[in-house]
Number of protein chains: 2
Amino acid sequence: MFIYFWVFNKNMGISERKEREKEEQRERILSAAKILFLEKGVEKTSIRNIADQIEYSPGSIYHYFKDKNEIFHALHQGGFQQLMSRMEVLTAVPNPMERLKRMGAIYVDFALENPDMYDLMFIKEAPMDHVFNSNDEQWKEGFGTFNFLRSTIQECIQEGYFRGHEEEALSFLVWSTVHGMVSLHIRRRCEVILAQRQSTIVKDGLHEFFSILDRLSS
Amino acid sequence: MFIYFWVFNKNMGISERKEREKEEQRERILSAAKILFLEKGVEKTSIRNIADQIEYSPGSIYHYFKDKNEIFHALHQGGFQQLMSRMEVLTAVPNPMERLKRMGAIYVDFALENPDMYDLMFIKEAPMDHVFNSNDEQWKEGFGTFNFLRSTIQECIQEGYFRGHEEEALSFLVWSTVHGMVSLHIRRRCEVILAQRQSTIVKDGLHEFFSILDRLSS
DNA sequence: TTTTATTTTAAACAGTGTTCATTTATTTTT
DNA sequence: AAAAATAAATGAACACTGTTTAAAATAAAA
């Protein structure tokens, strides 16, 4: 009886360590992939590149991830956690219209500070196939940040703003507006057209948006 | 003297035919590439795929185009001509605010009817490298459609709309709004979030946008 | 007809994602 | 401690990619 218990303990200790080591290796692959993905882009980063970076064999990576897309996807999820945590400060802003504006600013800041991660999350086409085939809670729960936007706009409507507007479509419009600005910037569609002010155009556009919101309030 | 003239004529006739045939072959490559690019995407279409489609050798394509990017770019330019020609009807709309709204509708329609071409023009990252290195008049002239938007908004301001707004940043904001909606749709970021109305959400969003414009007018 | 120029081709190069039999290392059982 | 079982890591192989290039085929000119 005593011996069985000891064996049981021993097994558990080892399997726990094993699992920990496996998790560490997974993390090592992920952080190498992140560096390379954000540096050279997803398409131009090969499994061999990632393997080289951590002095590993290409084949071994397939022990930790089903395919290249799964690596992409893991990073994708991390990005949403980052963005969500930035939004947390907004719970302290009681006025919904003020909250809406600050939300836009946080969103734009996140995109401008992490353009490659934003690209990964909202522009690239690769991840979405995976999202549909997997049980990605981040999306299945409905992209928490978007729901937060919706509830904020709902509150705005309740307080008398946006009279006559439909909440869902308006939320989509607001999301589209900020997404449009940052994605045109990230995918370099402003550089030729607005060359002389490409560094400020997104923030300037955002302020035009804010002043439109102010106008709608009064 | 007569002979020289005949020889001259003969040469010209042949070189003209040659040039015509070369142009035809170029066009054949281009239309095969267009079908495949829009069907499977640029990245997943190989030079060999294009060559197979027109019963040609992969290497020969490099006699007509420097590289894969140049094929992409040729199609890219064609897309702008399409969009611009759609915009021509707007010259018959005298009221600038009405023109602005119709412009948005044409832009969105074009994007929804030609999602892959739109993707090529405004979302994909591949072409921009080429735009900077080449003398792409389409962009060097400043993307005619955007200038048309700017002048329309300028007229709106002159007629008293958008008081207190800055023309350039506002134009960027308006462009971003329509681009944001169609690009979120094309890159399938609405499907999970707004599953039950994904077929109408872009048009609904556009109407919300119109009603905001109406509100700003009064 | 011979020379010259052009077009086309297939093979080759260095790279890709992914699979898999084999080797290596570790853990468990005897 | 030795043997068996399990797990992890590997490198070669497969079928693909974009691109280059020497050779072959074709057409034009002399």
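Computed from heavy atoms alone, side chains included, the values below leave out hydrogens, waters and symmetry copies. Order of the sequence lines fixes the chain letters, A, B, ..., with proteins taken first and strands second; residue numbering starts at 1 for each chain. Computed from a predicted model, the values in this text were never measured in an experiment.
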With hydrogens left out and only the distance checked, is there a donor-acceptor pair under 3.5 Å joining His63(A)'s side chain and the base of dA9(D)? yes

Does any N or O in the side chain of [X] come within less than 3.5 Å of the main-chain N or O of [Y], such that one atom is a donor and the other an acceptor?
{"X": "Arg150(B)", "Y": "Phe148(B)", "value": "no"}
{"X": "Gln53(A)", "Y": "Ala33(A)", "value": "no"}
{"X": "Glu70(A)", "Y": "Lys66(A)", "value": "yes"}

Gap between atoms [atom1] and [atom2], on [X] and [N] respectively (whole Å):
{"X": "Leu36(A)", "N": "dG17(C)", "atom1": "CG", "atom2": "P", "answer": "11 Å"}
{"X": "Glu23(B)", "N": "dT6(C)", "atom1": "CD", "atom2": "P", "answer": "18 Å"}
{"X": "Tyr56(A)", "N": "dT24(C)", "atom1": "OH", "atom2": "P", "answer": "17 Å"}
{"X": "Arg28(A)", "N": "dA9(D)", "atom1": "CZ", "atom2": "C1'", "answer": "14 Å"}
{"X": "Ile29(A)", "N": "dT10(D)", "atom1": "CD1", "atom2": "C1'", "answer": "14 Å"}
{"X": "Asp52(A)", "N": "dA9(D)", "atom1": "CG", "atom2": "C1'", "answer": "15 Å"}
{"X": "Phe37(A)", "N": "dG17(C)", "atom1": "CZ", "atom2": "C1'", "answer": "12 Å"}

Could you run through nucleotides 14-20 of chain D and give me one letter per nucleotide, 5' to 3': B if any protein heavy atom sits under 4.0 Å from the base, S if only the sugar-phosphate is that close, - if neither? ---BBBB

[X], [atom1] atom: more than 12 neighbouring heavy atoms under 6.0 Å:
{"X": "Glu55(A)", "atom1": "CD", "result": "no"}
{"X": "Lys34(B)", "atom1": "NZ", "result": "no"}
{"X": "Gln196(A)", "atom1": "CD", "result": "yes"}

Phosphate-side-chain proximity, Ser60(A) and dT10(D), N/O vs OP1/OP2 below 4.0 Å: yes

Between dT10(D) and Ser57(A), is there an OP1 or OP2 to side-chain N/O distance shorter than 4.0 Å? yes

At under 4.0 Å between heavy atoms, what does Tyr64(B) touch on the DNA or RNA strands: base, sugar-phosphate, or nothing? sugar-phosphate

Is the closest basic N to carboxylate O distance between Lys203(A) and Glu208(A) below 4.0 Å? no

